[in-house]
2 protein chains.
Amino acid sequence: MTNQLDSFFGAMADPTRRAVIEQLASGPASVSELHAPHQMALPTFMRHLKVLEDTGIMRSIKKGRVRTCHIEAAPLIEAQGWLAWQREIWESRLDNLDALAHNIANLKDT
Amino acid sequence: MTNQLDSFFGAMADPTRRAVIEQLASGPASVSELHAPHQMALPTFMRHLKVLEDTGIMRSIKKGRVRTCHIEAAPLIEAQGWLAWQREIWESRLDNLDALAHNIANLKDT
DNA sequence: ATTTTTGTTAGCAATGTGACTAACTATCTT
DNA sequence: AAGATAGTTAGTCACATTGCTAACAAAAAT
């Protein structure tokens, strides 16, 4: 029962990592470009990148001394799917309750 | 920059808590009903419920000796929205790349 | 050939997380 | 009134997470 979702949500729980995702969403970037907006020390930041890469949310290749990072679609889609699925279930349930309420109202009217 | 998303994703990072959400999606349930499918000790399980409640994903009321839990829509919607937004951004980017690739192909053809 | 840039490795400290047991309270049931 | 049921509180423990600094390596620029 330990899905991909575990590590995905874990990865997204950190604001720094979400910010990296947001930045990467508009195109690939190098480590230092990604690091620039953040206050923390570079090694600390690298650990965040490692988490993203280990989860499969991000991939990177090193060319010369520059490592370029880019986003990977699959995990985001899976997680969004899970949430959408949950939402569908409880929304249909709410609809049923709503229908039930209407039926009761109609009974009153007749 | 420390949104609701922080605690939301943190809450969803645990399989036990996701299982609770899944169970709650099909209707409210008591603490022991929610606990039943899980091996862990009750106090441990209660902590998971507390996390869900603190995050606003779940709410509960106690009547007599039974505490009944039900799901709360807002945070799930917000998170799904964030993911959808991210996805839109990189999908449009991929579309652009695709269009670019086509243009290049067309240039070759002419 | 130096120096600068870009990233990496190693090791440490503080805090957070998820699990447990034991003991307890409050509410139904009998 | 006694016992069973449902949940709670308190205290402990191991491990993961997130931050740091210092020292290092490899590539590019001068």
Side-chain angles (χ1 to χ4, degrees), chain A residues 1-24 27-71 75, chain B residues 1-24 27-71 75:
Chain A
M1 253 282 184
T2 304
N3 315 16
Q4 297 277 110
L5 288 174
D6 265 50
S7 50
F8 174 83
F9 282 121
M12 299 317 256
D14 187 286
T16 300
R17 290 194 290 259
R18 280 204 312 282
V20 169
I21 299 295
E22 290 187 14
Q23 193 172 343
L24 282 178
S30 72
V31 169
S32 23
E33 283 167 349
L34 291 170
H35 176 233
H38 304 277
Q39 289 302 102
M40 72 190 58
L42 185 57
T44 306
F45 184 74
M46 294 284 298
R47 287 268 272 282
H48 286 297
L49 292 185
K50 189 177 184 321
V51 171
L52 290 175
E53 192 151 21
D54 288 351
T55 336
I57 295 170
M58 179 271 276
R59 302 225 178 152
S60 69
I61 17 161
K62 194 169 180 180
K63 194 165 190 177
R65 59 183 169 175
V66 175
R67 177 176 294 281
T68 304
C69 307
H70 61 95
I71 213 166
Chain B
M1 256 280 187
T2 305
N3 316 15
Q4 298 276 110
L5 288 174
D6 264 50
S7 50
F8 174 83
F9 282 121
M12 299 317 256
D14 187 285
T16 301
R17 291 194 290 261
R18 281 203 311 283
V20 170
I21 299 294
E22 290 187 14
Q23 193 172 344
L24 282 178
S30 72
V31 169
S32 21
E33 283 167 348
L34 291 171
H35 176 232
H38 303 277
Q39 289 302 101
M40 71 190 60
L42 187 56
T44 305
F45 184 74
M46 293 286 296
R47 286 267 274 283
H48 286 299
L49 292 185
K50 190 178 183 317
V51 170
L52 290 174
E53 191 150 21
D54 288 351
T55 336
I57 295 171
M58 180 271 275
R59 301 226 179 151
S60 70
I61 18 160
K62 193 169 183 180
K63 194 165 190 178
R65 60 185 167 170
V66 175
R67 176 175 295 283
T68 304
C69 306
H70 61 95
I71 213 165

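As the structure is a prediction and not an experimental result, all values here were calculated from the model. In what follows, chains are A, B, ... by sequence order, proteins preceding strands, each numbered from 1.
Side-chain atoms of A/His35 come within 3.5 Å of backbone atoms of A/Met40 as a donor-acceptor pair (strictly under, hydrogens ignored). Not one N or O on the side chain of A/Glu53 forms a donor-acceptor pair closer than 3.5 Å with the backbone of A/Cys69. B/Arg17 contributes no side-chain N or O that, together with a main-chain N or O of B/Met12, makes up a donor-acceptor pair within less than 3.5 Å.
Rounded to an integer number of Å, the gap from B/Glu53 CD to D/dG7 P is 13 Å. One atom, CD of B/Glu33, and another, P of D/dG7, lie 8 Å apart when rounded to the nearest Å. When rounded to the nearest whole Å, the span between NZ of B/Lys63 and P of D/dT5 equals 23 Å. Atom CE in A/Met46 sits roughly 14 Å away from atom C1' in D/dC24 (whole-Å rounding). Protein atom CG of B/Leu52 is 11 Å distant from nucleotide atom P of C/dG18, rounded to whole Å. If you take CD of A/Gln39 and P of D/dC20, they are 10 Å apart, rounded to a whole angstrom. Distance CZ (B/Phe45) to C1' (C/dT17): 17 Å, rounded to an integer number of Å. Atom CG of B/Leu49 is separated from atom C1' of D/dG7 by 11 Å (rounded to the nearest Å).
Taking 4.0 angstrom as the limit, B/His35 places none of its side-chain polar atoms (N or O) nearer than this to OP1 or OP2 of D/dA6. The phosphate of C/dC20 has OP1 or OP2 within less than 4.0 Å of a side-chain N or O from B/Thr44.
Using the six-membered ring where Trp is involved, A/Phe8 and B/Phe9 have ring planes that are perpendicular, over 60° apart on the 30 and 60° scheme.
Here B/Ser60 contributes atom OG and B/Leu49 contributes atom CG; the two are 8.0 Å apart, rounded to the nearest 0.5 Å.
If you find the closest nucleotide of DNA chain D to A/Gly64 and to B/Pro43, the one lying nearer the 5' end belongs to B/Pro43.
Which of C/dG11, D/dG7, C/dA19 sits closest to the side chain of B/Arg47 comes down to C/dA19. For A/Lys62, the listed nucleotide lying nearest its side chain is C/dG7; candidates were C/dG7, D/dG7, D/dC20. Here C/dG18 is the nucleotide among C/dT6, C/dT8, C/dG18 with the atom lying nearest to any side-chain atom of B/Asp14. The side chain of B/His48 has C/dG18 as its nearest neighbour among C/dG18, D/dG7, C/dG7.
Across all strands, B/Ser32 comes closer than 4.0 Å only to sugar-phosphate atoms, never to a base (heavy-atom distances).
No N or O donor and acceptor, one from the side chain of A/Arg65 and one from the base of C/dT6, sit under 3.5 Å apart.
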